[in-house]
Enquirer: 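What follows is a single structure, and I will ask about it in a moment.
Remember, it's a predicted structure, so these values are computed and weren't measured experimentally. Indexing begins at 1, ligand by ligand and atom by atom, following the structure's order.
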Amino acid sequence: MADEALVVIDLQNDFCPGGALEVAGGDEIVPLVNDLIRRTEHVLLTQDWHPAGHSSFASSHPGKRPFETIDMPYGEQTLWPDHCIQGSLGSDFHSGLAWSKAELVIRKGFRPAIDSYSAFFENDRTTPTGLAGYLRDRNIETLTLVGLATDFCVAFSALDAVKLGFATSVRLDACRGIDLNGSMERMLGRMRDAGVALI
Ligand code: VGL
Ligand code: ZN
């Protein structure tokens, strides 16, 4: 329907097996995502897009290792392996993803000092990516989210989407998660509580 969009979150090489921040089974969802792309009129993609030396990389913080946390001016931040560096092979969409139909690619995480999980707001929770305005201008009110990773970028995007008033579903069979210290169960619970339809 005209007021619906499919949002494919971060289906990039670095989040697939063999990538810098691999998500188990991340590549398995590609055929199903392609099927959803074929069946949905409006398709949007997000692309994690960090400059080298990004503040969310453990390598930018001497003595810190990936998956530890640090306090940033905007709150707690998990540190990651270097990933999705702008223009790198790892930042490319999975080669099997049928992305050419996409009407918009929203890039996030390009500000050196702020990470961005959500497709709508960066991790300071106030810097907008512009996606909400784009969707409103185009009268898109209903969103289906798929992609990587369920418990980070998909979940934060879905939580912001419902908060902004979009009717929001997550197709869990077309997502895979990282599951860091129980993050999968915690974020599924938060999405359910917030009114995200988990299907
Ligand atoms: C993501 C961690 C860091 C994601 C992106 O796409 O879920 N996770 N950057
Ligand atoms: Zn990232």
Enquirer: Pick whichever of D14, D48, L21 has a heavy atom sitting closest to atom 5 (C) of ligand 1.
Expert: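 Minimum heavy-atom distance to atom 5 (C) of ligand 1 goes to D48.
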Enquirer: Would you call the rings of F152 and W80 parallel, tilted or perpendicular if under 30° counts as parallel and over 60° as perpendicular?
Expert: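 Perpendicular, since the angle between the ring planes exceeds 60°.
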Enquirer: Nearest 10°: the angle subtended at the Zn ion (ligand 2) by H50 NE2 and H83 NE2?
Expert: 90°
Enquirer: So, D160 and R125, do they make that salt bridge, N to O below 4.0 Å?
Expert: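 Result for this pair is yes, salt bridge flagged.
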Enquirer: Are side-chain heavy atoms of L131 and S118 found at a separation under 4.5 Å?
Expert: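 In short, these two side chains do not touch, never coming nearer than 4.5 Å.
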Enquirer: Assess whether a salt bridge exists between D193 and R190, defined as any Lys/Arg side-chain N lying under 4.0 Å from an Asp/Glu carboxylate O.
Expert: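 No, no charged N to carboxylate O under 4.0 Å.
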Enquirer: Only N/O/S atoms count here: what is the atom of D48 closest to the Zn ion (ligand 2) called?
Expert: OD2
Enquirer: Between V154 and ligand 1, which residue portion shows a heavy-atom distance shorter than 4.0 Å: side chain, backbone, both, or neither?
Expert: neither
Enquirer: For atom 6 (O) of ligand 1, which protein heavy atom lies nearest, and how many Å away is it?
Expert: D10 OD2, 2.6 Å
Enquirer: Evaluate the ring planes of H83 and H50, with Trp represented by its six-membered ring, and classify them as parallel (under 30°), tilted (30 to 60°) or perpendicular (over 60°).
Expert: perpendicular
Enquirer: Around atom 1 (C) of ligand 1, find the nearest protein heavy atom and jot down its residue, atom name and distance.
Expert: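 Here the nearest protein heavy atom works out to C153 SG, 3.2 Å.
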Enquirer: Can you name the atoms of ligand 1, numbered from 1 with element, that are less than 4.0 Å from a heavy atom of A149?
Expert: 4 (C), 6 (O), 7 (O)
Enquirer: Hey, is ligand 1 close enough to H83 that some N/O pair sits below 3.5 Å?
Expert: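 So ligand 1 has an N or O lying under 3.5 Å from an N or O of H83.
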Enquirer: Is there a donor in the side chain of Q77 and an acceptor in the side chain of N123, or the other way round, less than 3.5 Å apart?
Expert: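 Yes.
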